[in-house]
Q: 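Questions regarding the structure given below will be posed in turn.
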Protein chains: 2
Amino acid sequence: MKTEKREVEERMTHFETVLRREGVKLTHQRMEIFREVARTGDHPDAEQVFQRVRKHLPTVSLDTVYRTLWLLNDLGLVTTLGSSRERTRFDANLSSHHHFVCEQCGFTRDFYSTELDKIQLPDSVDSLGEIEATHVEVRGVCRNCVENQKPKTQS
Amino acid sequence: MKTEKREVEERMTHFETVLRREGVKLTHQRMEIFREVARTGDHPDAEQVFQRVRKHLPTVSLDTVYRTLWLLNDLGLVTTLGSSRERTRFDANLSSHHHFVCEQCGFTRDFYSTELDKIQLPDSVDSLGEIEATHVEVRGVCRNCVENQKPKTQS
DNA sequence: CCAGACTTAAGAATGATTATAGTTGTGGAG
DNA sequence: CTCCACAACTATAATCATTCTTAAGTCTGG
């Protein structure tokens with residue numbers, strides 16, 4: 001559940017380094033919010049972070065939690081689980097397949113691989129619960145978005 | 001992009017079979033909504049399905065689209081992409097890891113595997129765009145939910 | 001110490017999804 | 001083929017999470 005103390009310290013250090021490098025101010029709020037996410041392994045949502053941070057900083061606002069989390073996300077200090085900020089998407093393809101998802105535009109394409117279908121999960125996973133499906137998610141930037149991003153560079 | 005005609009027909013047949021078996025009424029709306037999802041490979045969201053179905057059934061309501069999609073989901077005829085119905089969750093673990101997600105309660109746990117980190121993706125994926133990260137998502141039912149679901153059955 | 005970046009507070013706005021209430025249509029019975 | 005009960009539909013209003021506004025006060029880093 002909890003992340004090791006040393007690991008948390010390392011993350012905090014990295015956090016401070018990045019904020020300084022980016023010229024972003026180091027406020028308690030930001031520290032406490034990041035620490036809270038860094039110290040737990042249970043992928044909390046904004047509301048949960050808010051509740052926990054409140055214990056140390058009774059006056060934080062939910063708004064700040066949201067703003068900070070997205071800031072941290074933009075700085076590469078945290079990531080979101082699953083497709084962020086997106087609406088729910090549906091899929092009628094019931095056969096075993098995997099996904100390539102573009103982080104910029106959300107473009108998603110199925111791909112197949114008998115190789116991947118044979119994936120062996122570590123034993124530790126079995127102890128977590130009953131496994132129903134396993135699929136590989138590849139995050140990246142689709143061709144379209146790559147093109148549109150470097151319209152000048154031709155070197 | 002588009003699914004083969006034969007494949008679509010098969011899905012439609014399966015769809016009708018399941019709805020009859022479950023004693024759920026076969027309405028045009030449901031047929032058109034399912035057909036729409038079945039015939040495309042681009043994982044549309046409810047709004048997109050709504051817009052497309054509208055062309056054939058100008059009076060459908062967005063509400064029906066939502067209700068139907070979740071119904072189809074419950075019947076196992078479609079699945080959702082990424083985390084369904086959930087709030088955005090954040091993760092400060094930047095090292096390569098994978099996830100086990102409980103479909104009932106949303107419980108999510110990281111797991112590691114040097115094996116999985118070495119996954120070889122098929123060439124077809126490279127042509128889709130630039131790959132940034134690959135991770136395995138295991139869906140299932142966590143221990144807690146398994147316990148709570150069969151409090152009586154002991155056979 | 002100061003400027004400007006940040007935060008708080010309290011609303012209000014947005015956008016996706018869901019509930020309510022009254023109307024319509026499906027599918028089995030006759 | 002017609003009728004009826006009730007499932008399902010439409011339209012509208014309500015929710016819920018998230019974001020934005022404004023105004024005033026606070027804190028960080030130079």
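Residue numbers start from 1 in every chain, and the chains themselves are labelled A, B, ... in the order their sequence lines are given, proteins ahead of strands.
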Q: Could you check how far CZ of A/Arg54 sits from C1' of C/dT8, rounded to whole Å?
A: 13 Å

Q: Grab the two heavy atoms, one from B/Cys145 and one from B/Cys102, that are nearest each other, plus how far apart they are.
A: SG-SG, 3.7 Å

Q: Which nucleotide sits closest to the side chain of B/Arg87: D/dA11, D/dA17, C/dA9?
A: D/dA17

Q: Rounded to whole Å, how long is the line connecting atom CZ of A/Phe50 with atom P of C/dT7?
A: 14 Å

Q: Calculate the interatomic distance between B/Glu86 atom CD and C/dT17 atom P; express it in whole Å.
A: 14 Å

Q: Nearest whole angstrom, please: distance from the P of C/dT24 to the CG of B/Leu57.
A: 17 Å

Q: Using the side-chain heavy atoms of B/Thr59, tell me which of these nucleotides is nearest: C/dT18, C/dA9, D/dT10.
A: D/dT10

Q: Within a reach of under 6.0 Å around CD of A/Glu115, are more than 12 heavy atoms found that belong to other residues, nucleotides or ligands?
A: no

Q: Distance check: side-chain N/O of A/Trp70 vs OP1/OP2 of D/dT19, anything under 4.0 Å?
A: yes

Q: For the residue pair A/Ala46 and A/Leu62, what are the closest heavy atoms and their distance?
A: O-CD1, 4.3 Å

Q: What is the distance, rounded to the nearest whole Å, between atom CG of A/Leu19 and atom P of D/dG30?
A: 13 Å

Q: Give one of base, sugar-phosphate or nothing for B/Thr64, where a contact means two heavy atoms less than 4.0 Å apart.
A: base

Q: Parallel, tilted or perpendicular: which fits the ring planes of B/His43 and A/His99, with parallel below 30° and perpendicular above 60°?
A: perpendicular

Q: Regarding A/Glu7 and A/Arg11, does a basic nitrogen lie under 4.0 Å from an acidic carboxylate oxygen?
A: yes

Q: Without decimals, in angstroms, what is the distance between A/Arg67 CZ and D/dC20 P?
A: 10 Å

Q: Which ones in residues 25-34 of chain A lie close to DNA chain C, meaning a heavy atom under 4.0 Å from one of its atoms?
A: A/Lys25, A/Thr27, A/Gln29, A/Arg30

Q: Would you kindly say whether A/Asp42 and A/Thr40 are connected by a side-chain donor-acceptor distance under 3.5 Å?
A: yes

Q: Rounded to whole Å, how long is the line connecting atom CZ of B/Arg20 with atom P of D/dA7?
A: 18 Å

Q: Could you check how far CG of A/Leu62 sits from C1' of D/dC16, rounded to whole Å?
A: 12 Å

Q: For A/Thr80 versus A/Arg139, what's the shortest heavy-atom pair and its separation?
A: O-NH2, 3.2 Å

Q: Looking at C/dA16, I'd like to know if its phosphate oxygens (OP1 or OP2) sit under 4.0 Å from a side-chain N or O belonging to A/Thr88.
A: no

Q: Ignoring hydrogens and angles, answer whether the base of C/dA9 and the side-chain atoms of A/Asp63 contain a donor-acceptor pair closer than 3.5 Å.
A: no

